[in-house]
Amino acid sequence: MAGAADSQLQTLPERDITPNFKNLHTREYAAHKKKVHSVAWNCTGTKLASGSVDQTARVWNIEPHGHSKTKDLELKGHADSVDQLCWDPKHAELLATASGDRTVRLWDARSGKCSQQVELSGENINITFKPDGTHIAVGNRDDELTIIDVRKFKPLHKRKFSYEVNEIAWNTTGELFFLTTGNGTVEVLSYPSLQVLHTLVAHTAGCYCIAIDPIGRYFAVGSADALVSLWDLSEMLCVRTFTKLEWPVRTISFNHDGQYIASASEDLFIDIADVQTGRTVHQISCRAAMNSVEWNPKYNLLAFAGDDKNKYMQDEGVFRVFGFETP
């Protein structure tokens with residue numbers, strides 16, 4: 001009977017074990033000379049990258065349960081702010097950065113060397129990998145979307161939009177591509193054809209950010225109307241909204257099992273809500289407007305970075321990670 005009991009134990013979903021967020025701690029990492037715009041975890045959850053206005057990215061080895069001295073590696077080469085970065089979903093050591101200097105660069109996180117780069121037509125502000133690691137999508141300030149073939153590191157498609165395009169994302173299978181727009185809509189395109197399948201009227205003000213539930217059931221959209229909306233991916237219907245923030249929602253992220261969603265803005269806290277009930281389970285206080293929140297893909301560790309300044313009103317250039325059992 002022990003075997004049967006074991007097999008029952010294995011099928012118990014992890015989500016039954018609710019973490020006690022109140023007892024968890026935040027650690028601070030002095031990362032950059034200027035503010036941090038973007039934080040992202042690699043696919044194994046062992047490395048965190050930070051991108052900054054100081055024109056560099058850095059890679060940090062962060063142990064989820066340890067407390068060893070954190071080593072970091074500086075990635076130098078961009079000639080303008082590193083606005084967003086993302087890791088190859090299939091390769092724990094490959095990182096892509098998008099910069100205002102018009103280039104997109106691919107880095108090896110072991111050596112810190114830039115292995116590939118391509119110059120595009122504008123200031124790049126958004127970047128995301130296709131889930132199979134074959135393509136990268138980049139959005140720029142001129143509302144132009146470029147799809148890059150990762151192997152050749154050359155543009156495959158370019159498309160200019162007549163409206164403001166903000167954050168972009170693929171769904172977990174890579175068959176759908178989402179654009180959040182300044183019109184308050186989410187454009188759902190088929191991939192790779194980029195034909196519009198749906199225009200979802202999501203918010204009463206511009207949509208700024210989007211996150212895809214790693215389980216593949218939902219996506220969430222953050223808007224200038226201070227709401228986060230949760231959408232059923234199969235039905236393309238809004239199932240609930242999260243209403244705790246009072247300022248435009250700048251950044252959102254689902255945790256690894258899709259149970260929680262973190263959202264942040266110029267409010268001086270990050271809201272963590274239960275996806276199924278919509279209820280807030282925890283709030284992390286912060287000292288400045290947030291630019292980026294991202295959950296670790298394996299553990300309940302949340303990285304976040306914002307416009308923190310020191311007492312002399314200079315950028316602190318820090319990011320923080322919440323969820324450690326010890327300070």
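Just so you know, these numbers come straight off a predicted model, no measurement behind them. Just so you know, residue 1 is the first one in the sequence shown, and it goes up from there.
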Q) Does NZ in K244 sit with more than 12 non-hydrogen atoms of other residues, nucleotides or ligands closer than 6.0 Å? A) no
Q | Donor + acceptor pair across side chains of Q195, S193 (<3.5 Å) | A | no
Q: Assess whether side chain to side chain donor-acceptor pair (under 3.5 Å) is satisfied between N183 and T185, documenting all intermediate values.
A: CA-CA 5 Å; N183 308 333; T185 64; 4.7 Å; no
Q) If you draw a 6.0 Å radius around CD in E28, do more than 12 non-hydrogen atoms from other residues or ligands fall strictly inside? A) yes
Q. Do F178 and L233 come close enough that some side-chain heavy atom pair is under 4.5 Å?
A. yes
Q) Mind checking whether H37 and Q84 have side chains closer than 4.5 Å, heavy atoms only? A) no
Q) Taking the side chain from T180 and the backbone from I210, do they hold a donor-acceptor pair closer than 3.5 Å? A) no
Q.
Which Ile, Leu, Val, Met, Phe, Trp or Tyr residues join F269 in one cluster when any pair of side-chain heavy atoms under 4.5 Å counts as a link?
A. Y218, V228, L230, V239, F242, L245, V249, I252, F254, I261, V275
Q: Kindly state whether the ring of F322 and the ring of H282 have centres lying under 6.0 angstrom apart.
A: yes
Q.
Let me confirm one number: the OG1-CG distance from T243 to L227, rounded to the nearest 0.5 Å.
A. 7.0 Å
Q) Do the side chains of Q55 and K34 get nearer than 4.5 Å, heavy atoms only? A) no
Q. Step by step, would you call D88 with K90 a salt bridge (charged side-chain N to carboxylate O under 4.0 Å, His left out)?
A. CA-CA 5 Å; D88 184 326; K90 298 291 184 195; over 6 Å; no
Q) Counting distance only, does the side-chain N/O of R102 pair as donor-acceptor with the main-chain N or O of E123 below 3.5 Å? A) no
Q: Output the distance between atom CH2 (W107) and atom CG (L73), rounded to the nearest 0.5 Å.
A: 9.5 Å
Q: Kindly indicate whether the side chain of S99, heavy atoms from C-beta on, has any atom under 4.5 Å from the side chain of N124.
A: no
**Q.** Atom pair CG/OG of D72 and S50 - distance to nearest 0.5 Å
**A.** 7.5 Å
Q) Which value, rounded to the nearest 0.5 Å, describes the distance between E316 atom CD and K309 atom NZ? A) 9.5 Å
**Q.** Same apolar cluster (I L V M F W Y, side chains within < 4.5 Å links), Y208/V186
**A.** no
Q.
Tell me if a side-chain donor or acceptor on S38 pairs with a main-chain N or O of L85 at a distance below 3.5 Å.
A. yes
Q. Hey, does the side chain of S223 reach the backbone of G206 with a donor-acceptor pair shorter than 3.5 angstrom?
A. yes
(Q) Closer than 3.5 angstrom, by distance alone: can the side chain of R240 be matched with the main-chain N or O of Q276 as a donor-acceptor pair? (A) yes
**Q.** Minimum heavy-atom distance D83-S81, with the two atoms named
**A.** OD1-OG, 2.8 Å
Q. Side chains of T44 and W87: closer than 4.5 Å at any heavy-atom pair?
A. no
Q.
For a salt bridge (charged side-chain N to carboxylate O under 4.0 Å, His left out) check, start with the C-alpha distance between D307 and K35, then their side-chain angles and the critical distance, and finish with the verdict.
A. CA-CA 6 Å; D307 295 341; K35 70 182 174 186; 3.5 Å; yes
Q: Go through H78 and T103 one step at a time and tell me if the side-chain contact (heavy atoms from CB on, under 4.5 Å) criterion holds.
A: CA-CA 8 Å; H78 280 298; T103 68; 3.2 Å; yes
Q) Do M290 and W295 share a hydrophobic cluster, counting only Ile, Leu, Val, Met, Phe, Trp and Tyr and linking them when any side-chain heavy atoms are less than 4.5 Å apart? A) yes
Q | Nearest heavy-atom neighbours spanning D54 and K33 | A | OD2-N, 3.0 Å
Q.
Test of understanding: clusters of I, L, V, M, F, W, Y form through side-chain heavy atoms closer than 4.5 Å, transitively. Do L120 and V150 belong to the same one?
A. yes
(Q) Parallel, tilted or perpendicular: which one describes the rings of F319 and W60, with boundaries at 30° and 60°? (A) perpendicular
Q | Audit row: F219, M236, side-chain contact (heavy atoms from CB on, under 4.5 Å) steps and yes/no | A | CA-CA 9 Å; F219 64 94; M236 291 293 164; 4.0 Å; yes
Q) Stepwise, does the side-chain contact (heavy atoms from CB on, under 4.5 Å) test hold for F153 with I148? A) CA-CA 6 Å; F153 225 70; I148 296 168; 4.2 Å; yes
**Q.** Donor-acceptor under 3.5 Å (S265 side chain, D267 main chain)
**A.** yes
Q) Hey, what do you get for OG1 (T251) to CG (N291), rounding to the nearest 0.5 Å? A) 8.5 Å
Q. When you measure from the side chain of H91 to the backbone N and O of E93, does any donor-acceptor pair fall under 3.5 Å?
A. yes
Q. Looking only at heavy atoms, which two atoms of C43 and P297 are closest? And how far apart?
A. O-CG, 3.7 Å
(Q) Hydrophobic clustering (ILVMFWY, side-chain heavy atoms < 4.5 Å, transitive) - are L24 and W41 grouped together? (A) no
Q: Only one of R27, H65, H25 passes side-chain hydrogen bond (donor to acceptor under 3.5 Å, both in side chains) with T326; say which it is.
A: R27
Q: Walk me through it: do R217 and D232 pass the test salt bridge (charged side-chain N to carboxylate O under 4.0 Å, His left out)?
A: CA-CA 6 Å; R217 300 160 303 177; D232 182 300; over 6 Å; no
Q. Can you name the nearest heavy-atom pair linking K47 to A109, along with the distance?
A. NZ-O, 3.7 Å
Q) Among side-chain atoms of D108 and S115, is any donor-acceptor pair under 3.5 angstrom? A) no
(Q) Using side-chain contact (heavy atoms from CB on, under 4.5 Å), reason through H256 and N300 one step at a time and then give a plain yes or no. (A) CA-CA 7 Å; H256 65 95; N300 280 324; 3.7 Å; yes
Q) Which distance, rounded to the nearest 0.5 Å, do you find between the OG1 of T241 and the CH2 of W231? A) 10.5 Å
**Q.** ILVMFWY network linking V321 to F21, side-chain heavy atoms under 4.5 angstrom
**A.** no
Q) Of all heavy-atom pairs between N42 and A92, which one has the smallest distance, and what is that distance? A) ND2-O, 3.0 Å
Q. So, do L48 and Y29 sit near enough that their side-chain heavy atoms are less than 4.5 Å apart?
A. no
Q | L302 vs V293 side-chain heavy atoms within contact, under 4.5 Å | A | yes
Q | For the student: nearest non-hydrogen atoms of R320 and V318, plus distance | A | NH1-CG2, 3.6 Å
Q) Under the 4.5 Å side-chain heavy-atom rule for ILVMFWY, direct or indirect, which residues accompany L189? A) L145, I147, L156, F161, Y163, V165, I168, W170, F177, L179, Y191, L194, V196
Q. Which salt bridge (Lys or Arg N to Asp or Glu O under 4.0 Å) pairs, counting each pair once, include a residue from residues 154-174, with sequence neighbours left out?
A. none
